[in-house]
2 protein chains.
Amino acid sequence: MIWAAVGDPHRRRVLELLRAGPRPVNELVEQLGLSQPGVSKHLRILREAGLVTVRPDGQRRLYLLEPAPLRELARWLEPFRAHWDDRPDAPEHHLDTAAPLRERLAPRSRQEDTW
Amino acid sequence: MIWAAVGDPHRRRVLELLRAGPRPVNELVEQLGLSQPGVSKHLRILREAGLVTVRPDGQRRLYLLEPAPLRELARWLEPFRAHWDDRPDAPEHHLDTAAPLRERLAPRSRQEDTW
DNA sequence: CTCGACTATCACCAAAAGGTTATATTGCTG
DNA sequence: CAGCAATATAACCTTTTGGTGATAGTCGAG
C-alpha cells in the first residue's frame with residue numbers, strides 16, 4: 001500500500017509540497033496541474049496509506065504530511081545500503097553466498113539452504 | 001522508472017533474494033511461485049531499471065543485484081527523515097519555504113499563518 | 001547433429017491505475 | 001435561507017500492469 005502510494009510521481013510531488021507545511025487542496029491542484037477531482041483521488045490514496053491527514057479549515061481542508069510510514073521504505077532500503085557502500089566490483093564477498101554459485105557444475109544439485 | 005520497478009512486491013522480493021548473491025532464473029521462479037515467463041517479465045523490468053544485471057552461465061542466466069539506483073530512493077527519502085525525527089507537533093519551523101507559495105493566494109485573504 | 005534444459009519473447013486477457021466530466025456535499029456569507 | 005466556494009464522490013474511459021500458456025532461441029550433453 002505504502003509503496004503503491006509513493007509509486008506515483010504526482011503523489012510524490014504532493015508529499016514534497018506538504019513538507020513545507022499544510023496545504024489546501026486548491027493549492028495542490030494548482031501545483032500539480034491536474035483536475036481537482038484527480039488531485040482529490042490522489043489525496044485519498046495518500047490518506048489511506050497514512051501519509052497525510054486532513055484538518056478542516058473553514059470550507060477548505062488542509063492536508064498535512066504524515067511522514068511516519070515513510071520509515072518503512074527507509075527500513076526496507078537499509079540492507080541494500082551495505083551493498084552500494086561496497087565497491088561494486090567485488091560482489092562475491094558479500095556473504096559468500098557466492099560459493100553456491102560454483103556448485104552449478106553439479107547436474108541437479110539444489111542448495112536451498114537457509115541463507 | 002525506478003519507483004515503478006520497486007513498486008511491485010514480487011520484484012522487491014527478487015531484489016531481496018539477490019542480496020544473497022547471484023541467482024539463476026529457475027531459482028527465482030521457485031521462490032516467487034510465479035510462472036517462468038512471469039518472472040522473466042519482472043526481471044526485464046528490473047534490468048531496464050538498472051537494478052539487476054545478467055551474466056550468462058552455461059544455459060542459465062545469473063541475475064546479479066545492482067543496488068546503485070536504489071540510492072535515488074534513499075536520496076528522495078532523505079529530506080523526510082528530518083520530519084519524522086521531529087516531534088510531529090511542531091511542523092512550523094521546518095523551512096518556511098511556505099511563504100512564497102502562500103503569496104500566490106493574495107486575493108483570497110487567508111490566514112494560514114497559524115500553522 | 002539432435003535432444004533436452006533453461007530462459008526470453010509473443011499473444012492474449014483481466015484487473016487496476018490514472019485521468020476526466022458531472023454531481024453531491026459541506027460550510028461561509030450575505 | 002440562498003448562493004457561492006471548496007472539496008469529495010460517482011460514472012466513465014483509456015492505458016498500463018501483471019499474469020498466463022504457447023513458442024522460439026541458445027547452449028551443453030551425448
Side-chain angles (χ1 to χ4, degrees), chain A residues 1-15 17-18 22-49 51-64 101-111, chain B residues 1-15 17-18 22-49 51-64 101-102 104-112:
Chain A
M1 191 94 219
I2 168 83
W3 282 100
V6 243
D8 180 83
H10 284 139
R11 288 194 290 266
R12 283 199 301 279
R13 188 94 173 66
V14 167
L15 295 180
L17 290 170
L18 292 188
R23 290 288 179 271
V25 177
N26 66 48
E27 191 164 333
L28 300 174
V29 169
E30 235 181 89
Q31 300 284 326
L32 295 192
L34 293 183
S35 68
Q36 175 266 313
V39 172
S40 270
K41 227 165 156 185
H42 283 304
L43 288 173
R44 172 202 258 274
I45 294 178
L46 289 172
R47 235 184 301 133
E48 292 176 347
L51 283 164
V52 301
T53 52
V54 212
R55 161 154 56 94
D57 171 55
Q59 47 191 351
R60 308 188 299 174
R61 313 193 62 194
L62 293 183
Y63 276 80
L64 174 52
L101 263 183
R102 196 168 323 287
E103 241 59 270
R104 62 189 167 69
L105 291 219
R108 217 52 202 113
S109 88
R110 294 258 63 73
Q111 59 351 323
Chain B
M1 191 99 222
I2 169 81
W3 281 100
V6 193
D8 180 82
H10 285 141
R11 287 194 289 266
R12 283 199 301 278
R13 186 96 173 65
V14 167
L15 295 180
L17 290 170
L18 292 188
R23 290 290 178 269
V25 177
N26 66 47
E27 190 165 332
L28 299 174
V29 169
E30 232 180 272
Q31 301 283 328
L32 295 193
L34 293 182
S35 69
Q36 175 265 313
V39 173
S40 270
K41 227 165 156 183
H42 283 304
L43 289 173
R44 173 204 257 274
I45 293 177
L46 289 172
R47 236 184 300 130
E48 292 176 346
L51 282 165
V52 301
T53 51
V54 212
R55 161 152 58 93
D57 171 56
Q59 50 191 348
R60 307 189 298 174
R61 314 193 61 195
L62 293 183
Y63 276 81
L64 175 52
L101 270 179
R102 199 176 43 225
R104 298 181 293 81
L105 293 193
R108 307 207 46 67
S109 93
R110 296 251 68 60
Q111 34 51 282
E112 42 246 57

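Below, chain A is the first sequence line, B the second, and so on; all start at residue 1.
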In terms of side-chain heavy atoms of [X], which of [options] is nearest?
| X | options | result |
| --- | --- | --- |
| B/Arg60 | C/dT7, D/dG18, C/dC10 | C/dT7 |
| A/Ser40 | D/dA8, D/dT20, C/dG19 | D/dA8 |
| A/Pro37 | C/dA11, D/dA10, C/dC6 | D/dA10 |
| A/Pro24 | D/dT7, C/dC6, D/dG18 | D/dT7 |
| A/Lys41 | C/dC12, C/dG19, D/dT7 | C/dG19 |
| B/Gln59 | D/dT7, D/dC27, C/dA8 | D/dC27 |

What is the distance, rounded to the nearest whole Å, between atom [atom1] of [X] and atom [atom2] of [N]?
| X | N | atom1 | atom2 | answer |
| --- | --- | --- | --- | --- |
| B/Met1 | D/dT16 | CE | P | 12 Å |
| A/Leu62 | C/dG27 | CG | C1' | 14 Å |
| B/Leu32 | C/dT7 | CG | P | 13 Å |
| B/Glu30 | C/dC6 | CD | C1' | 14 Å |
| A/Asp8 | C/dA16 | CG | P | 17 Å |
| B/Arg47 | C/dT7 | CZ | C1' | 10 Å |
| A/Leu28 | D/dT7 | CG | C1' | 12 Å |
| A/Ile45 | D/dA8 | CD1 | C1' | 14 Å |

Quick check on [N]: is either OP1 or OP2 less than 4.0 Å from any side-chain nitrogen or oxygen of [X]?
| X | N | result |
| --- | --- | --- |
| B/His42 | D/dT17 | no |
| B/Arg44 | C/dT7 | no |
| B/Asn26 | C/dA5 | no |
| B/Ser35 | D/dG19 | no |
| A/His10 | C/dG19 | yes |
| B/Arg61 | C/dA8 | yes |
| B/Tyr63 | C/dA8 | yes |

In Å, rounded to the nearest 0.5 Å, how long is the span from NZ of A/Lys41 to CG of A/Leu34?
11.0 Å
Closest heavy-atom contact between [X] and [Y]?
| X | Y | value |
| --- | --- | --- |
| A/Ala49 | A/Ile2 | CB-CA, 4.5 Å |
| B/Arg47 | B/Val52 | N-CG2, 3.6 Å |
| A/Leu18 | A/Tyr63 | CD2-O, 3.5 Å |

Please state whether the base of D/dA8 and the side chain of A/Gln36 form at least one donor-acceptor pair under 3.5 Å?
yes
Within the distance-only criterion (no hydrogens, no angle test), does the side chain of B/Arg12 pair as donor or acceptor with the backbone N or O of B/Val6 below 3.5 angstrom?
yes
Give a yes or no on whether the backbone of B/Ala5 and the side-chain of B/Arg11 come within a donor-acceptor separation of less than 3.5 Å.
yes
Hey, does A/Gly38 reach any base, or is it just sugar-phosphate, or nothing, if we go heavy atoms under 4.0 Å?
base
